[in-house]
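For reference, the structure is listed below as structure tokens.
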Amino acid sequence: MEGHVSVVAAHRPSRVLKAIPYAVMVVVAVVDLTAGAGVGFLPLMSLGPAFAGLVGGWRRTAWIGSLALALTVGLGIYDDLLAHRRGITALVSVAGVTVAGLVAAVMRQQREEELASVRSIAEVAQRVLLRPVPLAAGSLRVAVSYTSAVADARIGGDLYEVVATPYGVRTIVGDVQGKGLEAVETAAVVLGAFREAAYDEPTLTAVGERLEHALERHLTAEKFVTAVLAESGSGPESGPGAGPGCGSEPSMTLLNYGHPAPLVVRRDGTAAFLAPPERALPLGLALHGTKGPHPHTVDFAAGDQMLFYTDGVSEARDAEDRFYPLEQRAALLRDPDPEAAVEALRQDLVAHTQGPPHDDAAMLLVRYRSDEPCPPPATDTVR
């Protein structure tokens with residue numbers, strides 16, 4: 001909601017814009033009084049209502065137009081021009097521009113109301129599609145940042161989700177090919193399938209297969225979704241409910257479908273990309289009989305953190321066409337608060353591009369926390 005407030009504030013007219021109509025009318029009046037009627041500045045009084053139509057409502061435009069008309073009449077009487085063509089032309093100019101400004105103000109207000117309604121709908125859709133991730137899940141702390149490349153929509157084809165399941169905390173970050181409503185619809189299919197499969201399937205590979213089956217029924221030819229799936233914990237071999245550090249070495253299992261490799265930042269500050277052992281096709285491009293990606297497991301202990309992101313981050317470029325150096329910016333994630341760390345990285349990304357993003361940019365940061373107690377061992381009840 002804070003992002004919405006900042007967007008609305010950016011569209012509010014500044015005091016300078018509000019003062020321009022009055023300043024213009026004062027200048028015209030002063031010039032007319034000092035230089036005399038021969039200068040012919042009186043028709044320029046219509047600039048007042050013209051500028052008024054750019055900001056504010058129709059009532060303000062009508063008030064400024066009435067003030068401009070009154071000043072024109074007063075100066076016309078002072079210059080003895082009302083009985084001449086120049087005076088009448090000035091009055092007609094001010095009245096005509098005032099009417100045009102009123103029409104423009106009414107139309108602009110209608111468009112602003114429609115835009116506000118679209119924003120409200122987009123925010124509701126975003127909350128349904130991209131639900132707020134939990135701040136803590138199992139032995140993980142989570143923070144997320146999402147920036148849509150579609151102006152005023154704030155929703156696009158990037159997707160993410162974090163769910164705590166009997167098999168560990170499972171995460172997905174993905175990027176749908178293309179933009180617009182079709183990409184949003186595809187993202188909804190992937191997230192819906194993941195949320196269901198994450199609870200049902202005992203292995204991360206089986207979750208990925210469920211996503212493939214869901215997209216087979218939805219995607220058209222040559223469309224695809226890159227995604228990386230992650231599972232924290234010791235995996236299904238340790239039994240349901242086992243989390244990181246509970247009877248085994250804490251780890252993170254990754255399954256990469258052609259997505260940018262996550263960035264792991266160790267406790268000592270070293271950072272590295274976790275590239276998969278073998279490259280795999282994105283979701284939706286698997287041919288009949290083609291094997292999917294192989295899961296690979298990495299250490300993920302207390303003090304470690306892992307950043308999942310989309311290509312809107314890794315492929316962001318500056319004015320000199322240089323890519324965003326994500327690995328070199330790993331130090332920005334040192335903040336103890338994961339949300340503040342992600343926000344610092346987002347601001348640095350905006351500073352790098354020096355403008356709005358050209359592609360959706362999603363970042364999801366997970367941190368291992370050692371204060372989560374392990375669940376008690378299951379005991380058999382003798383009856």
Side-chain angles (χ1 to χ4, degrees), residues 125-126 128-131 133 144-150 153-163 170-201 203-231 253-263 273-276 278-296 306-316 357-364 366:
Q126 185 182 43
V128 173
L129 178 62
L130 299 176
R131 301 180 302 193
V133 299
V144 67
S145 170
Y146 183 86
T147 305
S148 173
V150 181
R154 295 195 297 285
I155 190 169
D158 286 5
L159 56 98
Y160 55 83
E161 182 61 288
V162 178
V163 293
R170 288 176 169 174
T171 304
I172 183 173
V173 174
D175 187 0
V176 179
Q177 179 198 22
K179 296 181 177 66
L181 294 178
E182 185 177 358
V184 175
E185 182 181 359
T186 302
V189 172
V190 175
L191 287 174
F194 174 78
R195 288 164 182 162
E196 181 179 356
Y199 287 98
D200 297 340
E201 301 297 341
T203 66
L204 204 59
T205 302
V207 175
E209 292 173 353
R210 288 274 292 271
L211 299 183
E212 284 281 16
H213 294 325
L215 287 174
E216 284 178 3
R217 300 187 296 267
H218 173 78
L219 288 180
T220 57
E222 298 183 356
K223 296 292 184 179
F224 60 87
V225 179
T226 67
V228 57
L229 281 65
E231 177 183 280
T253 301
L254 302 174
L255 192 65
N256 197 317
Y257 287 88
H259 196 77
L263 178 70
F273 291 105
L274 300 174
E278 297 179 5
R279 296 187 62 85
L281 293 174
L283 292 166
L285 293 183
L287 302 176
H288 180 69
T290 302
K291 294 183 179 180
H294 296 285
H296 63 288
M306 193 174 297
L307 180 71
F308 300 88
Y309 56 92
T310 59
D311 58 8
V313 177
S314 58
E315 296 182 3
H358 299 289
D359 195 5
D360 299 336
M363 294 182 288
L364 189 144
V366 295

Original post:
In Å, rounded to the nearest 0.5 Å, how long is the span from NZ of Lys223 to CG of Leu215?
Top reply: 13.0 Å

Original post:
What's the verdict on side chain to side chain contact (heavy atoms under 4.5 Å, CB included) for Val207 and Glu231, showing C-alpha distance, side-chain angles and the deciding distance?
Top reply: CA-CA 11 Å; Val207 175; Glu231 177 183 280; over 6 Å; no

Subject >> Tyr309 and His259 aromatic ring geometry - parallel, tilted or perpendicular at 30°/60° bounds >> reply: tilted

**OP:** For His294, check side-chain contact (heavy atoms from CB on, under 4.5 Å) against everything at least two apart and list the hits.
**Re:** Glu278

Original post:
Taking Asp175 as the fixed residue, which of Asp311, Val228, Leu159 is the one that meets the side chain to side chain contact (heavy atoms under 4.5 Å, CB included) rule?
Top reply: Asp311

**OP:** Please report the shortest heavy-atom distance between Val225 and Pro282, naming the atom on each side.
**Re:** O-CB, 3.4 Å

**OP:** Please report the shortest heavy-atom distance between Pro295 and Thr253, naming the atom on each side.
**Re:** CB-CG2, 3.9 Å

**OP:** Evaluate the criterion side chain to side chain contact (heavy atoms under 4.5 Å, CB included) for residue pair Glu185 and His218; output intermediate values, then yes/no.
**Re:** CA-CA 9 Å; Glu185 182 181 359; His218 173 78; 3.5 Å; yes

Original post:
Can you name the closest pair of heavy atoms from Val133 and Val144 and give their distance?
Top reply: CG2-CG1, 3.8 Å

**OP:** Supply the atom-to-atom distance Arg210 CZ to Glu196 CD, rounded to the nearest 0.5 angstrom.
**Re:** 5.0 Å

**OP:** Apply side chain to side chain contact (heavy atoms under 4.5 Å, CB included) to the pair Tyr160 and Tyr146, showing each step before the final yes or no.
**Re:** CA-CA 9 Å; Tyr160 55 83; Tyr146 183 86; 3.9 Å; yes

Original post:
With a cut-off of 6.0 Å (strictly less than), are more than 12 heavy atoms of other residues, nucleotides or ligands near CD of Glu182?
Top reply: no

Original post:
Taking all atoms of both residues into account, what is the closest heavy-atom pair of Ala198 and Arg170, and its distance?
Top reply: O-NH1, 2.8 Å

Original post:
Can you name the nearest heavy-atom pair linking Leu254 to Pro262, along with the distance?
Top reply: CD1-CG, 4.3 Å

Subject >> Gap between atom CD of Glu216 and atom CG of Leu283 - 0.5 Å precision >> reply: 10.5 Å

Original post:
With respect to Tyr257, which candidate in Leu229, Leu285, Leu211, Leu281 satisfies the side chain to side chain contact (heavy atoms under 4.5 Å, CB included) definition?
Top reply: Leu229

Original post:
Quick one: which of Leu263, Thr310, Val313, Val173 gives a side chain to side chain contact (heavy atoms under 4.5 Å, CB included) with Met363?
Top reply: Val313

Original post:
What's the verdict on side chain to side chain contact (heavy atoms under 4.5 Å, CB included) for Val163 and Ile172, showing C-alpha distance, side-chain angles and the deciding distance?
Top reply: CA-CA 9 Å; Val163 293; Ile172 183 173; over 6 Å; no

Original post:
Which atoms form the tightest heavy-atom contact between Gly312 and Ala316, and what is the distance?
Top reply: O-CB, 3.5 Å

